[in-house]
Amino acid sequence: MYEVFERIVEPICKRHPSLRPPETEGYCDMRVKAFLLSFILITVLALIFGVHAQQSSMAPSPAWNDNSLISVQKHGGDPTRGGDVNIEFYGHDAFKITSPAGLTVLTDPWRNDSTGLYPKWFLNEFPSIRVDIVLSTHAHFDHDAVDRPSGLMVLERLVGQFRLGDIEVVGLADKHKCESTPDHDSDSTSTTRVETCPPNNVIEFDNAIQIIETGGLRIAIWGDNRAAPDPSLDHYLRNVDVLILPIETVLTRDEVDAILRKYDPKAIIPAHYFLNGLTTDVSGLESADAWVHDQEKVHPADVRRLDSAELKLSPVSLKGAHHRVYYFGNHFHTK
(Lines give C-alpha, C1' and ligand atoms only; values in the text may rest on other atoms or scores of the structure.)
Protein backbone atom coordinates (compact mmCIF):
# COMPACT_ATOMS: atom_id res chain seq x y z
CA MET A 1 0.00 0.00 0.00
CA TYR A 2 2.83 2.41 0.86
CA GLU A 3 4.56 1.82 -2.53
CA VAL A 4 1.29 2.45 -4.34
CA PHE A 5 0.88 5.74 -2.49
CA GLU A 6 4.43 6.80 -3.42
CA ARG A 7 3.82 6.10 -7.10
CA ILE A 8 0.66 8.20 -7.02
CA VAL A 9 1.95 11.06 -4.87
CA GLU A 10 5.34 11.75 -6.52
CA PRO A 11 4.03 12.61 -10.03
CA ILE A 12 1.42 14.91 -8.51
CA CYS A 13 4.05 16.81 -6.53
CA LYS A 14 6.32 17.14 -9.60
CA ARG A 15 3.50 18.51 -11.75
CA HIS A 16 2.41 20.97 -9.09
CA PRO A 17 5.51 22.61 -7.54
CA SER A 18 3.28 24.90 -5.52
CA LEU A 19 2.37 21.92 -3.39
CA ARG A 20 6.00 21.45 -2.36
CA PRO A 21 7.44 24.63 -0.77
CA PRO A 22 11.26 24.31 -0.84
CA GLU A 23 11.56 25.12 2.85
CA THR A 24 9.14 22.31 3.90
CA GLU A 25 10.47 18.82 3.30
CA GLY A 26 7.74 16.29 2.64
CA TYR A 27 4.99 18.90 2.77
CA CYS A 28 3.53 17.92 -0.61
CA ASP A 29 3.65 14.22 0.22
CA MET A 30 1.70 14.85 3.43
CA ARG A 31 -1.00 16.96 1.79
CA VAL A 32 -1.59 14.64 -1.14
CA LYS A 33 -1.59 11.52 1.04
CA ALA A 34 -4.09 13.10 3.45
CA PHE A 35 -6.32 14.03 0.55
CA LEU A 36 -6.13 10.56 -0.97
CA LEU A 37 -6.85 8.88 2.37
CA SER A 38 -9.90 11.09 2.91
CA PHE A 39 -11.15 10.38 -0.60
CA ILE A 40 -10.72 6.62 -0.19
CA LEU A 41 -12.44 6.64 3.21
CA ILE A 42 -15.43 8.58 1.88
CA THR A 43 -15.69 6.26 -1.13
CA VAL A 44 -15.60 3.12 1.03
CA LEU A 45 -18.23 4.50 3.42
CA ALA A 46 -20.47 5.47 0.52
CA LEU A 47 -20.21 1.97 -0.89
CA ILE A 48 -21.01 0.40 2.49
CA PHE A 49 -24.06 2.59 3.07
CA GLY A 50 -25.20 2.11 -0.52
CA VAL A 51 -25.14 -1.66 -0.18
CA HIS A 52 -26.95 -1.44 3.16
CA ALA A 53 -29.64 0.82 1.71
CA GLN A 54 -30.09 -1.49 -1.25
CA GLN A 55 -30.45 -4.48 1.04
CA SER A 56 -32.95 -2.58 3.21
CA SER A 57 -35.06 -1.58 0.23
CA MET A 58 -35.04 -5.13 -1.09
CA ALA A 59 -36.07 -6.63 2.24
CA PRO A 60 -39.82 -7.36 2.32
CA SER A 61 -41.91 -5.19 4.62
CA PRO A 62 -43.84 -7.30 7.13
CA ALA A 63 -46.89 -5.08 6.60
CA TRP A 64 -47.04 -5.85 2.90
CA ASN A 65 -45.63 -9.38 2.86
CA ASP A 66 -48.95 -10.84 3.92
CA ASN A 67 -51.01 -13.56 2.29
CA SER A 68 -54.18 -12.82 4.28
CA LEU A 69 -55.66 -10.54 1.63
CA ILE A 70 -54.93 -13.11 -1.06
CA SER A 71 -56.95 -15.59 0.94
CA VAL A 72 -59.79 -13.10 1.47
CA GLN A 73 -59.80 -12.25 -2.23
CA LYS A 74 -59.96 -15.94 -3.13
CA HIS A 75 -62.76 -16.93 -0.75
CA GLY A 76 -64.84 -13.72 -0.84
CA GLY A 77 -67.59 -13.03 1.65
CA ASP A 78 -71.03 -11.50 2.11
CA PRO A 79 -71.27 -8.11 3.91
CA THR A 80 -75.03 -8.55 4.32
CA ARG A 81 -74.76 -11.83 6.20
CA GLY A 82 -75.47 -11.32 9.90
CA GLY A 83 -72.72 -11.75 12.44
CA ASP A 84 -70.81 -10.12 15.29
CA VAL A 85 -69.08 -6.83 14.45
CA ASN A 86 -66.48 -5.52 16.89
CA ILE A 87 -66.05 -1.74 17.26
CA GLU A 88 -63.05 -0.35 19.15
CA PHE A 89 -62.57 3.31 20.01
CA TYR A 90 -59.15 4.92 19.49
CA GLY A 91 -60.25 8.41 20.42
CA HIS A 92 -61.67 11.39 18.56
CA ASP A 93 -63.18 9.99 15.33
CA ALA A 94 -60.99 6.87 15.08
CA PHE A 95 -62.80 3.54 15.25
CA LYS A 96 -61.46 0.10 14.41
CA ILE A 97 -64.21 -2.09 12.98
CA THR A 98 -63.63 -5.85 12.72
CA SER A 99 -65.86 -7.92 10.46
CA PRO A 100 -67.18 -11.37 11.38
CA ALA A 101 -64.51 -12.86 9.10
CA GLY A 102 -61.76 -10.86 10.86
CA LEU A 103 -61.13 -8.07 8.32
CA THR A 104 -60.29 -4.76 10.01
CA VAL A 105 -61.11 -1.19 9.00
CA LEU A 106 -59.76 1.88 10.82
CA THR A 107 -61.49 5.24 10.37
CA ASP A 108 -59.97 8.72 10.65
CA PRO A 109 -56.68 8.27 12.56
CA TRP A 110 -55.61 11.60 14.07
CA ARG A 111 -52.39 13.62 14.50
CA ASN A 112 -51.30 17.04 15.69
CA ASP A 113 -51.01 19.82 13.13
CA SER A 114 -47.47 19.97 11.74
CA THR A 115 -47.75 23.44 10.18
CA GLY A 116 -47.86 25.40 13.44
CA LEU A 117 -51.19 27.03 12.55
CA TYR A 118 -53.01 25.05 15.23
CA PRO A 119 -51.91 24.30 18.80
CA LYS A 120 -51.37 20.74 20.01
CA TRP A 121 -54.70 18.90 20.17
CA PHE A 122 -53.53 15.45 21.25
CA LEU A 123 -51.26 14.41 24.09
CA ASN A 124 -50.02 11.30 22.29
CA GLU A 125 -49.24 10.07 18.80
CA PHE A 126 -51.70 7.74 17.15
CA PRO A 127 -50.67 4.13 17.85
CA SER A 128 -49.05 2.15 15.04
CA ILE A 129 -51.67 -0.59 15.01
CA ARG A 130 -51.99 -3.24 12.31
CA VAL A 131 -55.17 -3.08 10.19
CA ASP A 132 -56.27 -4.22 6.74
CA ILE A 133 -57.94 -1.01 5.56
CA VAL A 134 -57.45 2.64 6.63
CA LEU A 135 -60.18 5.17 5.80
CA SER A 136 -60.35 8.94 6.15
CA THR A 137 -63.31 11.26 5.66
CA HIS A 138 -61.41 14.48 4.93
CA ALA A 139 -57.97 16.11 4.92
CA HIS A 140 -57.88 17.79 8.34
CA PHE A 141 -55.07 16.82 10.71
CA ASP A 142 -57.46 15.34 13.28
CA HIS A 143 -58.79 12.88 10.67
CA ASP A 144 -56.04 12.18 8.15
CA ALA A 145 -53.02 10.52 9.85
CA VAL A 146 -53.29 7.58 7.46
CA ASP A 147 -49.54 6.91 7.64
CA ARG A 148 -49.57 6.24 11.40
CA PRO A 149 -51.33 2.85 11.46
CA SER A 150 -49.72 -0.08 9.67
CA GLY A 151 -52.40 -0.56 7.03
CA LEU A 152 -52.36 -2.94 4.08
CA MET A 153 -54.58 -0.53 2.13
CA VAL A 154 -55.31 3.19 2.47
CA LEU A 155 -58.60 4.48 1.06
CA GLU A 156 -58.17 8.19 1.65
CA ARG A 157 -61.39 10.17 1.24
CA LEU A 158 -62.97 7.32 -0.72
CA VAL A 159 -65.86 8.27 -2.98
CA GLY A 160 -67.63 5.39 -4.67
CA GLN A 161 -67.74 1.72 -3.80
CA PHE A 162 -65.11 -0.70 -2.50
CA ARG A 163 -65.65 -4.34 -1.61
CA LEU A 164 -63.38 -7.03 -0.20
CA GLY A 165 -64.43 -10.22 1.55
CA ASP A 166 -67.28 -9.53 3.96
CA ILE A 167 -66.76 -5.74 3.95
CA GLU A 168 -68.22 -3.16 1.60
CA VAL A 169 -67.46 0.56 1.88
CA VAL A 170 -69.45 3.28 0.13
CA GLY A 171 -68.02 6.82 0.16
CA LEU A 172 -70.44 9.71 -0.30
CA ALA A 173 -68.99 12.99 -1.54
CA ASP A 174 -70.38 16.02 0.26
CA LYS A 175 -69.18 19.10 2.18
CA HIS A 176 -67.50 19.81 5.50
CA LYS A 177 -69.54 21.70 8.09
CA CYS A 178 -69.12 25.44 7.65
CA GLU A 179 -70.35 28.62 9.29
CA SER A 180 -71.56 31.96 8.06
CA THR A 181 -69.07 34.72 8.86
CA PRO A 182 -69.66 38.40 9.71
CA ASP A 183 -69.46 40.90 6.88
CA HIS A 184 -66.13 42.58 7.70
CA ASP A 185 -66.93 45.52 5.42
CA SER A 186 -69.92 46.47 7.54
CA ASP A 187 -69.77 48.30 10.86
CA SER A 188 -69.29 46.36 14.09
CA THR A 189 -72.95 46.74 15.12
CA SER A 190 -74.29 45.21 11.91
CA THR A 191 -75.90 41.78 12.04
CA THR A 192 -75.32 41.16 8.34
CA ARG A 193 -73.79 37.74 7.67
CA VAL A 194 -71.92 36.54 4.61
CA GLU A 195 -72.87 33.02 3.53
CA THR A 196 -69.69 30.96 3.08
CA CYS A 197 -71.39 27.57 2.85
CA PRO A 198 -72.37 25.73 -0.34
CA PRO A 199 -73.82 26.38 -2.80
CA ASN A 200 -72.74 30.04 -2.66
CA ASN A 201 -69.13 29.12 -1.91
CA VAL A 202 -68.35 26.22 -4.21
CA ILE A 203 -64.83 25.73 -2.84
CA GLU A 204 -65.95 24.98 0.72
CA PHE A 205 -63.96 22.01 2.07
CA ASP A 206 -64.94 18.51 0.96
CA ASN A 207 -65.92 15.63 3.24
CA ALA A 208 -66.71 12.03 2.29
CA ILE A 209 -69.14 10.20 4.56
CA GLN A 210 -68.10 6.55 4.77
CA ILE A 211 -70.69 3.77 5.08
CA ILE A 212 -69.17 0.44 6.13
CA GLU A 213 -71.35 -2.61 5.67
CA THR A 214 -70.37 -5.86 7.36
CA GLY A 215 -72.05 -8.50 9.51
CA GLY A 216 -75.43 -7.39 8.20
CA LEU A 217 -74.92 -3.89 9.68
CA ARG A 218 -74.50 -0.56 7.91
CA ILE A 219 -72.26 1.77 9.93
CA ALA A 220 -71.99 5.40 8.77
CA ILE A 221 -68.94 7.52 9.66
CA TRP A 222 -70.15 11.12 9.39
CA GLY A 223 -66.74 12.78 9.68
CA ASP A 224 -67.18 16.55 9.88
CA ASN A 225 -69.92 16.67 7.26
CA ARG A 226 -72.51 19.44 7.18
CA ALA A 227 -75.80 18.73 8.89
CA ALA A 228 -77.88 18.65 5.71
CA PRO A 229 -76.11 16.62 2.99
CA ASP A 230 -77.12 16.89 -0.63
CA PRO A 231 -80.59 15.28 -1.02
CA SER A 232 -79.17 12.82 -3.56
CA LEU A 233 -77.42 11.07 -0.65
CA ASP A 234 -80.58 10.52 1.39
CA HIS A 235 -81.35 7.04 0.07
CA TYR A 236 -77.88 5.87 1.15
CA LEU A 237 -78.22 7.32 4.65
CA ARG A 238 -81.81 6.41 5.47
CA ASN A 239 -82.13 3.56 7.93
CA VAL A 240 -78.42 3.05 8.55
CA ASP A 241 -78.00 0.78 11.54
CA VAL A 242 -75.25 2.71 13.34
CA LEU A 243 -74.52 6.40 12.88
CA ILE A 244 -71.21 7.75 14.27
CA LEU A 245 -71.70 11.50 14.74
CA PRO A 246 -69.49 14.40 15.95
CA ILE A 247 -71.41 15.40 19.05
CA GLU A 248 -71.25 18.87 20.69
CA THR A 249 -68.32 20.25 18.68
CA VAL A 250 -69.06 20.01 14.94
CA LEU A 251 -72.82 19.49 15.02
CA THR A 252 -75.20 21.40 17.26
CA ARG A 253 -77.84 19.55 19.27
CA ASP A 254 -80.59 20.78 16.95
CA GLU A 255 -78.62 19.52 13.96
CA VAL A 256 -78.09 16.13 15.60
CA ASP A 257 -81.82 15.87 16.34
CA ALA A 258 -82.66 16.71 12.71
CA ILE A 259 -80.22 14.08 11.40
CA LEU A 260 -81.68 11.40 13.69
CA ARG A 261 -85.24 12.23 12.65
CA LYS A 262 -84.38 12.19 8.98
CA TYR A 263 -82.18 9.08 8.76
CA ASP A 264 -83.61 7.12 11.71
CA PRO A 265 -80.64 4.95 12.75
CA LYS A 266 -80.98 2.08 15.19
CA ALA A 267 -77.94 3.31 17.15
CA ILE A 268 -75.77 6.40 17.59
CA ILE A 269 -72.15 6.51 18.72
CA PRO A 270 -70.87 9.96 19.80
CA ALA A 271 -67.44 10.94 18.44
CA HIS A 272 -65.15 13.95 18.05
CA TYR A 273 -65.44 15.05 21.69
CA PHE A 274 -63.04 15.95 24.50
CA LEU A 275 -61.32 12.94 26.10
CA ASN A 276 -59.50 12.98 29.41
CA GLY A 277 -55.98 11.69 28.84
CA LEU A 278 -55.97 12.37 25.11
CA THR A 279 -57.33 15.78 24.19
CA THR A 280 -55.84 19.13 25.23
CA ASP A 281 -57.87 22.09 26.49
CA VAL A 282 -56.64 24.31 23.65
CA SER A 283 -58.34 22.02 21.10
CA GLY A 284 -61.66 23.66 21.91
CA LEU A 285 -63.38 20.27 21.96
CA GLU A 286 -66.21 19.72 24.42
CA SER A 287 -67.27 16.65 26.36
CA ALA A 288 -70.28 14.70 25.11
CA ASP A 289 -71.38 13.94 28.68
CA ALA A 290 -74.07 16.60 28.79
CA TRP A 291 -75.65 15.43 25.53
CA VAL A 292 -75.63 11.81 26.70
CA HIS A 293 -77.14 12.85 30.03
CA ASP A 294 -79.99 14.60 28.22
CA GLN A 295 -80.61 11.48 26.13
CA GLU A 296 -80.88 9.46 29.35
CA LYS A 297 -83.68 11.75 30.52
CA VAL A 298 -85.66 11.12 27.36
CA HIS A 299 -85.16 7.36 26.99
CA PRO A 300 -82.93 6.02 29.80
CA ALA A 301 -83.31 2.38 28.73
CA ASP A 302 -81.67 3.10 25.38
CA VAL A 303 -78.47 4.80 26.59
CA ARG A 304 -75.55 2.45 27.16
CA ARG A 305 -72.52 3.92 28.93
CA LEU A 306 -69.73 1.51 28.05
CA ASP A 307 -67.11 0.44 30.57
CA SER A 308 -64.35 -0.25 28.03
CA ALA A 309 -63.10 0.85 24.61
CA GLU A 310 -64.76 -2.10 22.85
CA LEU A 311 -68.29 -2.76 21.68
CA LYS A 312 -69.75 -5.83 19.97
CA LEU A 313 -72.86 -5.37 17.82
CA SER A 314 -74.94 -7.57 15.53
CA PRO A 315 -78.34 -7.45 13.84
CA VAL A 316 -79.66 -9.54 16.72
CA SER A 317 -78.36 -7.19 19.44
CA LEU A 318 -79.87 -4.18 17.64
CA LYS A 319 -83.24 -5.76 16.98
CA GLY A 320 -85.92 -3.33 18.13
CA ALA A 321 -83.40 -0.56 18.92
CA HIS A 322 -84.36 2.99 18.01
CA HIS A 323 -81.79 5.78 18.35
CA ARG A 324 -79.98 3.77 21.02
CA VAL A 325 -76.85 5.56 22.30
CA TYR A 326 -73.58 3.69 22.83
CA TYR A 327 -71.18 6.00 24.65
CA PHE A 328 -67.50 5.16 25.11
CA GLY A 329 -66.99 8.10 27.48
CA ASN A 330 -63.29 8.42 28.34
CA HIS A 331 -62.45 4.84 27.36
CA PHE A 332 -60.13 4.61 24.35
CA HIS A 333 -57.31 2.36 23.18
CA THR A 334 -53.73 3.64 23.34
CA LYS A 335 -52.05 0.78 21.46
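Here the side chain of N112 pairs a donor or acceptor atom with the backbone of W121 at under 3.5 angstrom. The closest donor-acceptor contact from the side chain of R111 to the backbone of A145 lies at 3.5 Å or more, if one exists at all. For the pair T98 (side chain) and G102 (backbone), a donor-acceptor distance under 3.5 Å is absent. T279 places a side-chain N or O within donor-acceptor distance of the main-chain N or O of L275, the cut-off being under 3.5 Å. Checked by atom type and distance alone, the side chain of Q210 pairs as donor or acceptor with a backbone atom of A208 at under 3.5 Å. With hydrogens and angles ignored, the 3.5 Å screen pairs no side-chain donor or acceptor of K266 with any backbone N or O of A321. At distances below 3.5 Å, not a single donor-acceptor pair connects side-chain atoms of S136 with backbone N or O atoms of E156. Side chain of D113 to main chain of Y118: a donor-acceptor pair is present (N/O by atom type, distance under 3.5 Å, no hydrogens or angles). Looking only at distances, a side-chain donor or acceptor of N330 sits under 3.5 Å from a matching main-chain atom of N276. Side-chain atoms of W222 never come within 3.5 Å of backbone atoms of I209 as a donor-acceptor pair (strictly under, hydrogens ignored).
For K262, the NZ atom counts as densely surrounded, since its 6.0 Å shell holds more than 12 non-hydrogen atoms of other residues, nucleotides or ligands. The number of heavy-atom neighbours closer than 6.0 Å to OH of Y236, taken from other residues, nucleotides and ligands shown, is 12 or below. With a 6.0 Å radius and a threshold of 12 heavy atoms from other residues, nucleotides or ligands, R81 has its CZ atom at or below the threshold.
Under a hydrophobic-cluster definition in which Ile, Leu, Val, Met, Phe, Trp and Tyr are linked whenever side-chain heavy atoms come within less than 4.5 Å, directly or via other members, I167 and M153 are assigned to the same cluster. Under the 4.5 Å side-chain contact rule for hydrophobic residues, L285 and L117 share a cluster. Following chains of ILVMFWY side-chain contacts shorter than 4.5 Å, one can reach V154 starting from L106, so the two form part of one hydrophobic cluster.
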### Query
What's the verdict on side-chain hydrogen bond (donor to acceptor under 3.5 Å, both in side chains) for D93 and H272, showing C-alpha distance, side-chain angles and the deciding distance?
CA-CA 5 Å; D93 208 23; H272 205 291; over 6 Å; no
### Query
Going through the checks in order, is the side-chain hydrogen bond (donor to acceptor under 3.5 Å, both in side chains) test met by D174 and N207?
CA-CA 5 Å; D174 202 56; N207 183 87; over 6 Å; no
### Task
Using the side-chain hydrogen bond (donor to acceptor under 3.5 Å, both in side chains) rule, take D78 and T80 through it: C-alpha gap first, then chi angles, then the decisive distance, then the call.
CA-CA 5 Å; D78 183 1; T80 66; 2.6 Å; yes
### Task
Determine, step by step, whether W291 and Y273 satisfy the ring-ring contact (aromatic ring centres under 6.0 Å, His included) criterion, reporting the C-alpha distance in whole Å, the side-chain angles of both residues, the deciding distance to 0.1 Å, and the verdict.
CA-CA 11 Å; W291 181 84; Y273 57 84; 10.0 Å; no
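A distance of 12.5 Å separates SG in C178 from CZ in F205, rounded to the nearest 0.5 Å. Note that CZ of R253 and CD of Q295 are 8.0 Å apart. Values are rounded to the nearest 0.5 Å. How far CG of L306 is from CG of L311: 5.5 Å, rounded to the nearest 0.5 Å. If you take CD on Q161 and CD1 on I211, they are separated by 11.0 Å, rounding to the nearest 0.5 Å.
The distance between the ring centers of F122 and W110 falls below 6.0 angstrom. Taking the six-membered ring for Trp and the full ring otherwise, H299 and H322 have centroids separated by 6.0 Å or more.
Between the side chains of H176 and D224, at least one donor N or O sits under 3.5 Å from an acceptor N or O. Counted by atom type alone, D289 and S287 present one or more donor-acceptor pairs between their side chains at under 3.5 Å. Judged purely by distance below 3.5 Å, without hydrogens or angles, the side chains of D264 and H323 pair a donor atom with an acceptor atom.
Counting only heavy atoms from C-beta outward, the side chains of T104 and I133 never approach each other to under 4.5 Å. Side-chain atoms of V85 and P100, non-hydrogen and from C-beta on, do get closer than 4.5 Å to each other. At a threshold of 4.5 Å between non-hydrogen side-chain atoms, the residues L135 and V105 count as touching. In this structure the side chain of H333 never reaches within 4.5 angstrom of the side chain of F89, judged on heavy atoms. In this structure, L318 and L313 have side chains that are in contact, with non-hydrogen atoms separated by less than 4.5 Å.
Ring geometry, F95 versus F328: the interplanar angle falls from 30° to 60°, so the pair is classed tilted.
Nearest heavy-atom pair across L237 and Y263 is O-CB, 3.4 Å.
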